Amino acid sequence: LCYSGRGGEWLQPDGSWKSGPAFDAFLLGGTSLDYQAADGRLFGTASHQGFGAAFEFDPVTVRRKGAPLAAVPGFSVDPVYLGNEKGLLGLRFTVDAEVTQWLDPGMKALQARMDQMLPATSNRISVPHHCDSPWVLVQAFADVQPTVTYLFNRQTQRLARVGQALTGIDPQQMGQTDFHRVKARDGLSIPTYLTLPPGGGKNLPLVVLVHGGPWARGSHWAFDPAVQFLASRGYAVLQPEFRGSTGFGRLHLEAGFGQWGLAMQDDLVDAVQWAVAQGRADPKRVCIAGGSYGGYATLMGLARDGDLYRCGVAWVAVSDPQLLLDPTWSDINAEWRRYGLKRMLGDPAADPEKFKATSPLAQAARIQQPVLLAYGRADTRVPLVHGERMRDALKAHNRQVDWVLYELEGHGWSKAETRVDFWTRVEKFLAQHLGPKP
C-alpha cells in the first residue's frame, strides 16, 4: 500500500497512481489503510460503534466492504496483518491479551494444534512468505513465562525448541496477572491489570505502576519483567489504563484531553480504592511509580493525594508540563507542540492557573513522602532540567529524596547494568518504605 501526502494518491495494482478527493486524509474520517494483500485486496481500520475495527476496503472507492473482519466490544482493534504470497491469512491484535484471528482454515487448524501441544501459554504463529515451506515459527509466552521460541514442521509434526528469552525464570516464582474493569467516580470504565505475588494473598503492599505516553496502550496480558520483579518481592502491582490511554475507544482517549493532574489522577485513586475494597491491597502501604508521563503522575499523585501514597518512584519524569511546550527543553517538533499538545494537554497561556495547579514542580512543597528520582543525562524528550529543578524544589523541604543520574542513558534504560542498578535501588526503597515481604 502506498499513499502520498499530496492531496491523496493511491498506487494501483498496475503501477499507476490514482488521485482525487476520496483519498483526502480529512475525508477518510480516521480511516487507516494499512495492508494490501498479494491478491490485491485492501485492508485497514475504521471506527465502528466508537471503537476501531478491521475492514476490507474497495481499492477504487476506498469504501468499507461489508461487516468488520475483526471487532471486539470495549477494545479498539489495530491489527497486524498476516499474509503470504497467496493473500491475507489472518489478523493479530491486542484486546486484554494478544489474539490471532485466522481467516485461513488451514492456519486455524494449525493454531488449534499448537494450543493443544502448548496448553499453558499463548502461542503466536508466524508463517513464511512462500507457501511451499513446511516451517512455521512459534513463540509461546504467558504472564508468568517469558517467550520461548520453537520451529514446527508441518510435514513431520515435529516441534523443536530453539531459544528462550530471560532464561532462568521460574514460572512458579512469578505472579498471575488478571484483567479487570474498574468504575471511575464519574462512571467511566477503567481497564486495569492486577498482578498478585506468587500464591496470591490479601491486604498486600501495593505498587501502582503508571504507564508513559500518556496517549498510549500501557499493558496487556504477557510477561512483564518489571511487574514480575515487583510481584516476586511480595508486592501486588496495579496497572490502570486511565482515561487518555489508547486501545479502548475514542471516548476513552478523548476523556483524557486536558486532564493531566485532574481526572487522569482520579482514575488512579479510584483503581487503588477498588483494589482495597477487593481485599487485595493494604491502604496504608501503597506506593506510586512510573516513567515519563508515569513519572509525572507519580509526582502529581504525591502532591495531590498525599494521604493515599506512602512513597513514589519516578524516572525520566515530566516535572512541569509547560516545559514540554517550550522548544528549549524538548525535542517534540513544533507542529506537535502547537497543535497536538495544546489540544490534548492544554494551553498554559489560556489557563495559567490550571497549569500551575497541575505542575508537580509548582506543587513541590506539598510532597512530604519519600521519593526516588532517576534521570538520564542524554534524555532529549524529557531533558535533565525536569529532574534537576524537581530535585532542588523537593530538597528545600524534604529530606527523603533519593537522586540518581545515569550519565549515558536517555529516555529510559537501555543498558543492562543500568536496569540492574535501578531496580536494585527500587527494591531497597520499597522494602524501606512499604515493608518487605513477610
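Start at 1 with the first residue, then count along the sequence. Basis for what follows: all heavy atoms, side chains included, without hydrogens, waters or symmetry-related copies. As the structure is a computational prediction, the values presented were derived from the model and not from experiment.
- By the 6.0 Å contact criterion, CG on L137 is enclosed, its count of non-hydrogen atoms from other residues, nucleotides or ligands being greater than 12.
- Remark: F57 engages no residue in a ring-ring contact (aromatic ring centres under 6.0 Å, His included) (not counting sequence neighbours).
- In this model, a donor atom of one side chain and an acceptor atom of the other lie less than 3.5 Å apart for D115 and Q111.
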In residues 360-373, what donor-acceptor pairs under 3.5 Å come from side-chain atoms, sequence neighbours left out?
{"unit_1": "Q363", "atom_1": "OE1", "unit_2": "R366", "atom_2": "NH1", "d": "3.3"}
{"unit_1": "Q363", "atom_1": "NE2", "unit_2": "K356", "atom_2": "O", "d": "3.0"}
{"unit_1": "R366", "atom_1": "NE", "unit_2": "A303", "atom_2": "O", "d": "3.3"}
{"unit_1": "R366", "atom_1": "NH2", "unit_2": "A303", "atom_2": "O", "d": "3.2"}
{"unit_1": "Q368", "atom_1": "NE2", "unit_2": "A365", "atom_2": "O", "d": "2.9"}
{"unit_1": "Q369", "atom_1": "NE2", "unit_2": "L302", "atom_2": "O", "d": "3.2"}
{"unit_1": "Q369", "atom_1": "NE2", "unit_2": "G306", "atom_2": "O", "d": "3.4"}
{"unit_1": "Q369", "atom_1": "NE2", "unit_2": "Y309", "atom_2": "O", "d": "3.4"}

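- Ionic pairing of R285 and D282 is present here: one or more N-O contacts between side-chain nitrogen and carboxylate oxygen are shorter than 4.0 angstrom.
- Within the 4.5 Å cutoff, the side chain of V313 has heavy atoms near those of the F429 side chain.
- When each of F93, F179, F51 is paired with F75, the ring pair (Phe, Tyr, Trp, His ring centres under 6.0 Å) condition holds for F179 and for no other.
- Residues H252 and P191 are in side-chain contact: their nearest non-hydrogen atoms beyond the backbone lie under 4.5 Å apart.
- With a 4.5 Å cut-off on side-chain heavy atoms, F43 and D34 do not count as touching.
- Rounded to the nearest 0.5 angstrom, W274 CH2 and H180 NE2 are separated by 4.0 Å.
- For R158, the CZ atom counts as loosely surrounded, since its 6.0 Å shell holds 12 or fewer non-hydrogen atoms of other residues, nucleotides or ligands.
- With contacts defined as side-chain heavy-atom distances shorter than 4.5 Å, the pair S189/R181 qualifies.
- Using a 4.0 Å cut-off between charged side-chain N and carboxylate O, K428 and D402 make no salt bridge.
- When all heavy atoms are compared, the tightest approach of A46 to F55 is O-CE1, 4.0 Å.
- With 3.5 Å as the limit, one finds no donor-acceptor pair spanning the side chains of Q139 and T149.
- Inter-residue side-chain proximity for N153 and L151 is flagged as unmet; no heavy-atom pair is nearer than 4.5 Å.
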Please test H411 against T380 for side chain to side chain donor-acceptor pair (under 3.5 Å), starting from the C-alpha separation and ending with a verdict. CA-CA 7 Å; H411 196 56; T380 57; over 6 Å; no

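- Defined by atom type and a distance below 3.5 Å, a donor-acceptor pair is missing between the side-chain atoms of Y193 and D224.
- Counting only heavy atoms from C-beta outward, the side chains of D143 and M174 never approach each other to under 4.5 Å.
- For R381 (side chain) and I332 (main-chain N/O), no donor-acceptor pair under 3.5 Å exists by modelled atom type.
- The CG atom of L268 sits 8.5 Å away from the CG atom of L238 when rounded to the nearest 0.5 Å.
- Taking both residues in full, the closest heavy atoms of Q228 and F223 are given as CG-CE1, 3.6 Å, listed atom of the first, atom of the second, then distance.
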Apply the test side-chain contact (heavy atoms from CB on, under 4.5 Å) to residues Y375 and W403: give CA-CA distance (whole Å), side-chain angles for both, the deciding distance (0.1 Å), then the verdict. CA-CA 8 Å; Y375 284 83; W403 167 263; 3.6 Å; yes

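- One finds a salt bridge joining R304 and D266 here, because a Lys/Arg side-chain nitrogen approaches an Asp/Glu carboxylate oxygen to under 4.0 Å.
- With a 4.5 Å cut-off on side-chain heavy atoms, Q273 and D270 count as touching.
- With hydrogens and angles ignored, the 3.5 Å screen pairs a side-chain donor or acceptor of D267 with a backbone N or O of R243.
- Closest approach of V316 to G412, counting heavy atoms only: CG1-N, 3.8 Å.
- In this structure, CG on L430 lies 11.0 Å from CZ on R233, to the nearest 0.5 angstrom.
- Between W260 and the options F355, Y296, F242, a ring pair (Phe, Tyr, Trp, His ring centres under 6.0 Å) holds for only Y296.
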Show your working on side-chain contact (heavy atoms from CB on, under 4.5 Å) between V127 and L89 and close with a plain yes or no. CA-CA 9 Å; V127 296; L89 301 177; 3.8 Å; yes

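- More than 12 heavy atoms of other residues, nucleotides or ligands shown are found within 6.0 angstrom of CZ on R161.
- Using a 4.0 Å cut-off between charged side-chain N and carboxylate O, E409 and R377 make no salt bridge.
- A search for ring-ring contact (aromatic ring centres under 6.0 Å, His included) contacts involving F422 returns W315, W413, not counting sequence neighbours.
- Considering CG of L118 and CG of N123, their distance stands at 4.5 Å, rounded to 0.5 Å.
- Scanning both residues, Y81 and T45, for their nearest heavy atoms gives OH-CG2, 3.9 Å.
- Within the 3.5 Å criterion, the main-chain N or O of A416 finds no donor-acceptor partner in the side chain of T418.
- Within the 3.5 Å criterion, the main-chain N or O of R217 finds no donor-acceptor partner in the side chain of S245.
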Worked check of side-chain contact (heavy atoms from CB on, under 4.5 Å) between L323 and H386: CA-CA 8 Å; L323 291 177; H386 284 262; 3.4 Å; yes

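- With values rounded to the nearest 0.5 angstrom, L308 atom CG is found 8.0 Å from I288 atom CD1.
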Could you walk me through whether H220 and Q239 satisfy the side-chain contact (heavy atoms from CB on, under 4.5 Å) test, starting with their C-alpha distance in whole Å, then the side-chain angles of each, then the deciding distance to 0.1 Å, before giving a yes or no? CA-CA 10 Å; H220 65 279; Q239 296 172 278; over 6 Å; no

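- Judged by distance alone, with hydrogens and angles left aside, the side-chain atoms of S76 form a donor-acceptor pair with the main-chain N or O of G52 at under 3.5 Å.
- Within 6.0 Å of the CD atom in E427, the count of heavy atoms belonging to other residues, nucleotides or ligands exceeds 12.
- Atom-to-atom distance recorded for L405:CG and R391:CZ is 8.5 Å, nearest 0.5 angstrom.
- Here the side chains of P197 and L204 are in contact, with some heavy-atom distance below 4.5 Å.
- Between Q173 and P198, the shortest heavy-atom contact is O-CG, 3.1 Å.
- Side-chain atoms of T100 and R92 form a donor-acceptor pair, as typed in the model, at a separation below 3.5 Å.
- Heavy-atom minimum distance, S219 versus E241: N-OE2, 2.7 Å.
- Remark: the backbone N or O of F229 is paired with a side-chain donor or acceptor of S232 at under 3.5 angstrom.
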